Amino acid sequence: MARFDDELAAVEARQDDARGISRRGFLIGTMAGSAMLAFGLSGIAGAASGSASEALAAGRYEPTIWYAIAPDGTVTVHITKAEMGQHVATSLARLVAEELEADWSSIEVVYVDSDPKWGYMVTGGSWSVHQSYLPLSRAGAAGRMALIEAGAKLLGVDAADCRARNGRVICGDQSIGYGEIVSQAGLERTFSEEELQQISLKPAAERRVLGTKGGALDVPAKVNGEAIYGIDVSVEGMLHARPVLPPTRFGSTPTSVDDSAAKQVEGYRQTIELNDPSGVCQGWLAVIADSTSAAMRAADALKVEWQRGDSYAITEADIQQQGHALVEAPSRDNGSLFVDIGDAAAGLEGASRVVESTYTTSSVLHFQLEPVNATVVEEDGHWHVHCGNQQQTLAVGMLAKALEVDESQVTLHQYYLGGGFGRRLYGDYTIPAALAAKALGRPVKMLFTRPDDTRFDCVRSPSVQRLRSGLDDSGRVVASEHAAAAGWPSAAMAPAFLAETVENGGKVDSFAISGADHWYDVGDQRVWAQQNHKAHEVFVPGYLRSVGPGWTTWAVEQHIDELALAAGEDPARFRLNLLKAEGRNAGQAPHSLGGAERLKAVLERAMAKAGWDDRDSLPDDVGMGVALTFGQERSMPTWVACIARVRVDRGDGTVKVERLTTVADAGTLAHPDGAMAQLEGSLLWGLSMALYEGTEIEKGKPKALNLDAYTPLRMDQVPQMDLEFVDSDAMPVGLGEPGTTVVAPAIANAIQHAVGVRLRDMPMRAEALKAAL
């Protein structure tokens, strides 16, 4: 069964076919005094096709990351990923530097604009390092090989006697720098696709960059104020705008606009209605002013009457009611099968005991620090959009449709993101700025307030899940069925990314069900993914850090605990017995090498670190709970075990998380400091969603619009954290999201151990626990 990364590869392949590109090699040539290294057509530098330099100059290279070496030895790595605090450029540059044997002090990075030559541009899914590891490492190695050959000629020695270190080719007591080679040698070299595949990367023992400590390249600029975010953009002659949002995302229209009070605001110019051919901005207005402050105050003074869309009447309870109905009777009419192994129905019918539970999660908001914004300028028929975005290719297509121009007439200029977490995977916020600029014939900078941003956030859909598993007389799991209902982000934003299912012709949004295809051996197994269309009527379901596994892991890991208790077994050791590296759970090289054994190993290590065997001697109302996750996708598993220690106050039902013990196996760590920050941040957000975050949909929007009502984790609620990475030289995998998924079920399981109460609704509110005690 294909996963989302396979679908992404398929989309890119279709784009390549449209360009006449079917196979790729690696080109190394000289342009404008610098060496350019890029992926391109295999065999393109043959006698009939001209030199690699000519091919590069003609733009005949396949869309993917490439880099350049200047005569002064500077190595510039082009970054197509968005930087939103995860230091992605540092990690990707390290992949190149390791195999290139570059001097790290010579590395520079450039965040590129949305030129089609870069291919499909997206940052999410914890993919960046994982998907870039082999191509970038091989690109670095190919560059090293070419530089050694050219350097050997300049030194008058045999290339076999040379090696590369710190940006120099060395032979005995002679050496020459990469910059000097570039300026003198006129580098010309190609590698076919087959030759690239045959390149052997360094053994882990010889690595000098990957896995070593070191700061992130973007930190100095962020500390001294030089870093430019979308909100900082300023262009000559621009006007300022704030959107005036209708009461519902879909179907609302303004019936009257009174701007008499707004006219009293100095700097106010006018209010315009946005006509959007793309259908994204339905009934939107834009207040235009000479400054952001004036636009903000004038919008507040505006009086608008609306014809509301039908979704104004839909509530969170309505969405959840639909979810309950879907999981009680899952069908192909509202989704499809995601996993179908054996005969789960017969297995459940023949089981000695069936354990059944239903779990829910609430709507969750992104609340990234920087509200969404965009600045749009039209120059000679070309539209320049300045903002931070996580899926530039999708945004360009949306903008072209809204502006009624060809995609070649739109360029998205990338800036740092003041938080993304999936919100900026959807470029809807760029469209009203572009429409305003088109209507006015002037550059426009549109800034959303935080409540504006929240009202039309791409919400992490509420979910409902029903799990049923059967035990035999010995307490062994013989069958399991899992049905999950939620809004499907990919169906709403990028239908081309819906994955093939186990059924012929079926489609599924793996982002709404991944995690349910776990690594436990539960006998016959069936997993249903159900699309809750009621959610789609109110909002655009969004990708929020971890997406589906944020709710599927919540259910799976509590359900495993419930099975252990029903079987009379210790929950951790029950899991160990279910983790068998057999069949599909054996894993495959290189992405999931070791399979369930690696998940078992992190669990055993976490148990030892947390003192699991002593948990029954904990004080009254203190408990330990365990949960496991494999991250975002089976095809890219990050093995994580988390043990939470909590204390429950029986008086008011509050839960204090005292300690999180977490062990992760993420394979090779390109940037250990960044990896630890990712793990820490994701665990804390997972804790925040478990106990504090979450809102309800009412009257067409989230009930909580700002941080007075939406209460994420506070600093004094941060627990002690004992975190450890397994030392591994395996394929690097994702780290942005796994920690987010594993915390909530660990806390729920710990609460059950502490006071005997099972909480199946997230967030776990104090009042619910108090009522159950």
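Worth knowing before you read on, the calculation uses all heavy atoms, side chains too, and leaves out hydrogens, waters and symmetry mates. If you're wondering where the values come from, they're calculated on a predicted model, not measured in any experiment.
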Residue of the set Glu149, Glu99, Glu98 for which salt bridge (charged side-chain N to carboxylate O under 4.0 Å, His left out) holds with Arg144: Glu99
Quick one: pull up [atom1] in [X] and [atom2] in [Y] and give me the separation to the nearest 0.5 Å.
{"X": "Glu724", "Y": "Thr661", "atom1": "CD", "atom2": "OG1", "answer": "10.5 Å"}
{"X": "Leu100", "Y": "Leu147", "atom1": "CG", "atom2": "CG", "answer": "6.5 Å"}
{"X": "Leu683", "Y": "Thr740", "atom1": "CG", "atom2": "OG1", "answer": "7.5 Å"}
{"X": "Leu394", "Y": "Met493", "atom1": "CG", "atom2": "CE", "answer": "8.5 Å"}
{"X": "Thr292", "Y": "Leu447", "atom1": "OG1", "atom2": "CG", "answer": "5.5 Å"}
{"X": "Arg645", "Y": "Ile643", "atom1": "CZ", "atom2": "CD1", "answer": "12.5 Å"}

For [X], ring-ring contact (aromatic ring centres under 6.0 Å, His included) partners two or more places apart:
{"X": "Tyr415", "value": "His386"}
{"X": "His384", "value": "His382, His413"}
{"X": "Tyr133", "value": "none"}

Using atom types as modelled and distance alone, determine if a side-chain donor or acceptor of [X] lies under 3.5 Å from a backbone N or O of [Y].
{"X": "Ser114", "Y": "Thr393", "value": "no"}
{"X": "Asp673", "Y": "Gly214", "value": "yes"}
{"X": "His130", "Y": "Pro732", "value": "yes"}
{"X": "His366", "Y": "Asp457", "value": "no"}

Do other residues, nucleotides or ligands put more than 12 heavy atoms under 6.0 Å from [X] [atom1]?
{"X": "Asn224", "atom1": "CG", "result": "yes"}
{"X": "Glu658", "atom1": "CD", "result": "yes"}
{"X": "Asp716", "atom1": "CG", "result": "yes"}

No-hydrogen, no-angle side-chain donor-acceptor test under 3.5 Å, Thr212 and Arg207: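 No, no side-chain donor-acceptor pair sits under 3.5 Å.
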Between Ser546 and Thr741: side-chain donor-acceptor atoms closer than 3.5 Å: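 On atom types as modelled, these side chains do not qualify, holding no pair under 3.5 Å.
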Residue pairs involving [range] (criterion salt bridge (charged side-chain N to carboxylate O under 4.0 Å, His left out); sequence neighbours excluded):
{"range": "residues 731-740", "result": "none"}
{"range": "residues 105-115", "result": "none"}
{"range": "residues 364-374", "result": "Glu370-Arg424"}
{"range": "residues 76-96", "result": "Glu83-Lys222"}

Verdict with reasoning, Tyr120 to Gln392, per side chain to side chain donor-acceptor pair (under 3.5 Å): CA-CA 8 Å; Tyr120 199 95; Gln392 297 93 319; over 6 Å; no
Pairs flagged by ring-ring contact (aromatic ring centres under 6.0 Å, His included) wherever residues 78-114 is involved - sequence neighbours left out: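 Counting only pairs at least two positions apart or across chains, the ring-ring contact (aromatic ring centres under 6.0 Å, His included) contacts touching residues 78-114 are Trp66-His78, His78-Trp118, Tyr111-Tyr416.
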Pair listing, ring-ring contact (aromatic ring centres under 6.0 Å, His included) test, anchored in residues 201-223, at least two apart: none
Check against side chain to side chain contact (heavy atoms under 4.5 Å, CB included), Asp453 and Gln368: CA-CA 9 Å; Asp453 191 351; Gln368 70 285 347; 2.6 Å; yes
For the student: nearest non-hydrogen atoms of Pro71 and Gly33, plus distance: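 The answer is CG-O, 2.9 Å.
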Contact summary for Cys642 and Ala746, nearest pair of heavy atoms: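 Here Cys642 and Ala746 meet closest at O-CB, 3.9 Å.
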Side chain to side chain donor-acceptor pair (under 3.5 Å) between Glu633 and Trp127, intermediate numbers included: CA-CA 10 Å; Glu633 302 163 32; Trp127 296 333; 2.9 Å; yes
Residue pair Val640 / Thr662, side-chain heavy-atom distance below 4.5 Å: yes
Quick one: list whatever passes side-chain contact (heavy atoms from CB on, under 4.5 Å) with [X], sequence neighbours left out.
{"X": "Gln678", "result": "Gln86, Arg545, Leu735"}
{"X": "Ser688", "result": "Trp685, Glu693, Pro712, Leu713"}
{"X": "Ala670", "result": "Ser91, Leu95, Val129, Leu210"}

Verdict with supporting geometry, Gln720 and Arg659, side chain to side chain donor-acceptor pair (under 3.5 Å): CA-CA 5 Å; Gln720 293 181 346; Arg659 178 184 290 271; 2.6 Å; yes
Aromatic contact, Phe191 with Phe39 (centres under 6.0 Å):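 Not close enough - the centres of the two rings lie 6.0 Å or further apart.
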Ring-ring centroid check Phe511 Tyr543, cutoff 6.0 Å: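 They qualify: ring centres under 6.0 Å apart.
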Test side chain to side chain contact (heavy atoms under 4.5 Å, CB included) applied to Phe448 and Met446, step by step: CA-CA 7 Å; Phe448 289 57; Met446 179 173 284; 4.1 Å; yes
Cationic N near anionic O, under 4.0 Å, Arg423 to Asp428: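 Between Asp428 and Arg423 there is a salt bridge, with a charged N closer than 4.0 Å to a carboxylate O.
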Arg168 with Glu101: basic N within carboxylate O range, under 4.0 Å: no
Worked verdict on Asn373 versus Tyr429 for side chain to side chain contact (heavy atoms under 4.5 Å, CB included): CA-CA 6 Å; Asn373 60 83; Tyr429 56 92; 6.0 Å; no
